[in-house]
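Encoded as structure tokens, the structure appears first; notes follow it.
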Amino acid sequence: MNDENQVPADRADDAPPVRSIDEPLLVEDVLLLLYQPSSGAIAGENYLYYVLGGAVVADLTLRGLTEVQEAGRLVRRVAARGDAPHDDNLRPAWDYLATKPRGVQTVIAAIGPELRSKVLGKLVDDGHLRRERKKVLGFIPSESFELGSTRRAELLARVRATLVDGTEPDARTAAITALLSASANLHQFDPEIPWTSSVIHRAKELENGNWGAAAVGAAVTRATIAAISGALSASTAANAAGHS
């Protein structure tokens with residue numbers, strides 16, 4: 001079906017959540033959570049750019065700056081709406097979508113590759129991570145990170161409450177949890193978040209947009225993040241198969 005036949009999703013019951021201007025970007029919180037303090041590594045490096053690209057699109061959605069357009073029974077495209085954001089990590093994605101609606105996987109693949117270094121730099125600048133540079137064998141440059149704040153622990157507590165304790169998440173926590181689940185990295189958080197069948201089931205519900213109270217007034221947000229989650233799941237599965 002051609003682009004001319006796209007039908008915008010219903011916006012009537014979609015109201016972007018009120019956000020603090022001091023709140024970190026969704027992509028920053030997702031990357032901070034994926035950082036594993038015990039090893040100093042970032043979970044899912046082989047397909048990290050898919051996850052970070054998805055987080056940026058999700059953040060634009062939470063800000064009311066994107067929408068999903070249906071282009072056939074199984075085809076969804078993401079389009080920009082509203083005014084361009086000023087943030088350097090969000091603006092390129094919005095500009096890319098502003099030229100024309102695009103498939104979710106296309107968007108994620110286009111905007112993701114440059115995000116890792118930029119977002120890590122922001123996390124360091126904001127004090128959530130500390131960067132350490134050294135030389136291995138006296139001449140090979142090496143870089144590592146350590147936690148610099150309690151932000152990661154606070155985020156992990158929210159995700160755990162959602163998945164383990166059955167707490168109804170706010171829209172932002174629901175989106176973060178859905179992205180972590182779709183990235184196939186939730187098992188990395190065991191034992192803090194036990195890798196059980198009930199946790200897996202709840203995480204999949206969030207991927208599919210079943211957010212409970214957080215879903216009230218957020219139909220477009222849920223639809224877009226469900227589409228992002230589906231694209232991430234497909235992309236990371238294909239990438240993992242290619243590296244097996």
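This is a predicted model, so every value here is computed, not measured. Start at 1 with the first residue, then count along the sequence.
- Surrounding CD of E168 are more than 12 heavy atoms belonging to other residues, nucleotides or ligands, all under 6.0 Å away.
- Within the 4.5 Å cutoff, the side chain of V78 has no heavy atoms near those of the T106 side chain.
- D95 pairs by the salt bridge (charged side-chain N to carboxylate O under 4.0 Å, His left out) definition with R91, not counting sequence neighbours.
- The minimum heavy-atom distance linking L206 with P169 is given by the pair CD2-CG, 4.3 Å.
- Y35 places none of its side-chain heavy atoms less than 4.5 Å from the side chain of L123.
- With respect to R172 and D29, a salt bridge is recorded, a charged nitrogen being found less than 4.0 Å from a carboxylate O.
- No more than 12 heavy atoms of other residues, nucleotides or ligands shown are found within 6.0 angstrom of CG on D83.
- Counting heavy atoms from C-beta on, the side chains of D59 and V27 never come closer than 4.5 Å.
- Within the 4.5 Å cutoff, the side chain of L52 has no heavy atoms near those of the V56 side chain.
- Residue-environment remark: CG (D88) stays at or below the threshold of 12 foreign heavy atoms within 6.0 Å.
- For W94 (side chain) and R81 (main-chain N/O), a donor-acceptor pair under 3.5 Å exists by modelled atom type.
- For the pair R102 and Y96, the cation-pi test (distance below 6.0 Å, angle within 45°) is passed.
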